[in-house]
Amino acid sequence: ICAVLAILPKRYILHRAFKLFFLLILAIACFADNLVYVRIERPVIENRLQTVPATDTDRLNAIRAQFKAAGCSADQMQEQPVPDETLPNIICTLPGPEPGAIVIATRLDSRAHGEEALVDWGGPVMLPLLAESLNSAPHRQTLVFAAFAGHDKGFAGANFYLKQLTSEQRAQIRGMIEIDKVGRTPAAYA
């Protein structure tokens, strides 16, 4: 019984992660006439979710490698140093042919341990999975997948990202999807 109870939270989190993944795909569909995506196989998702990096630097390296595996080329990836932060923002931008951008973001850093660390890892893992799923499919707007540093310091990475954009770039943002606490909270619209 103890072994079953120990496995249950991970399966519950994985189940909720799948729901979130498809909810995000549907949300992006609101901004497109047709939605086309490549299905990511369940073992790939499970493998990426179960390997929780021990340190923030390991998280950065893992997300960098997963973005590359997802097809984000060197010219599509950016590591943006954030003032007073040890970690940079890591951003993969998939350009679209029409004006407008959709930002899909999560926190990069985490201070959690145990099961909470798995929950915090769910957000960063979803970014490359979504990028991989949508990379080879046509999309109208530019898709920006961003893992922001400095979450516990007043969203320092996200704030820096927005401040460095020009007024024109900010005006191009059509929507923002935040991925946080995958498997712990219901999806919310704001």
Shortest non-hydrogen contact from [X] to [Y]?
X    : Y    : answer
P95  : Q76  : CD-NE2, 3.8 Å
P53  : R59  : CB-N, 3.6 Å
P81  : E79  : CD-O, 3.3 Å
I179 : M126 : CD1-CB, 3.9 Å

Using the side chain to side chain contact (heavy atoms under 4.5 Å, CB included) rule, take D56 and T86 through it: C-alpha gap first, then chi angles, then the decisive distance, then the call. CA-CA 9 Å; D56 283 343; T86 55; over 6 Å; no
Contact between [X] and [Y] at the side-chain level, heavy atoms closer than 4.5 Å - yes or no?
X    : Y    : result
I177 : V103 : no
K68  : P128 : no
L127 : I90  : no
P88  : Q80  : no
M77  : I91  : no
I173 : L165 : yes
E178 : M176 : yes
Y161 : V144 : yes

Is the backbone of [Y] close enough, under 3.5 Å, to the side chain of [X] for a donor and an acceptor to pair up by distance?
X    : Y    : result
T142 : G96  : yes
E85  : V82  : no
D109 : G150 : yes
Q172 : G100 : yes
R107 : F148 : no
N135 : A131 : no

Working note: I104 + L130, criterion side chain to side chain contact (heavy atoms under 4.5 Å, CB included); need CA distance, chi angles, decisive distance, verdict. CA-CA 9 Å; I104 304 164; L130 284 167; 4.1 Å; yes
Rounded to the nearest 0.5 Å, what separation is found between the [atom1] atom of [X] and the [atom2] atom of [Y]?
X    : Y    : atom1 : atom2 : result
Q164 : N89  : CD    : CG    : 8.5 Å
Q141 : I102 : CD    : CD1   : 5.0 Å
C92  : E132 : SG    : CD    : 11.0 Å

Consider only side-chain heavy atoms of I, L, V, M, F, W and Y, link residues closer than 4.5 Å, and tell whether [X] and [Y] are in one cluster.
X    : Y    : answer
L94  : I63  : yes
F160 : L60  : no
L129 : L108 : yes

Near D75 CG, under 6.0 Å, is it more than 12 heavy atoms from other residues, nucleotides or ligands?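 Result for CG/D75: enclosed.
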Please indicate whether E98 has more than 12 foreign heavy atoms, meaning atoms of other residues, nucleotides or ligands, lying under 6.0 Å from its CD. yes
Start with the C-alpha distance between F145 and L134, add both sets of side-chain angles, then the distance that settles side chain to side chain contact (heavy atoms under 4.5 Å, CB included), and finish with yes or no. CA-CA 11 Å; F145 300 92; L134 297 168; 4.3 Å; yes
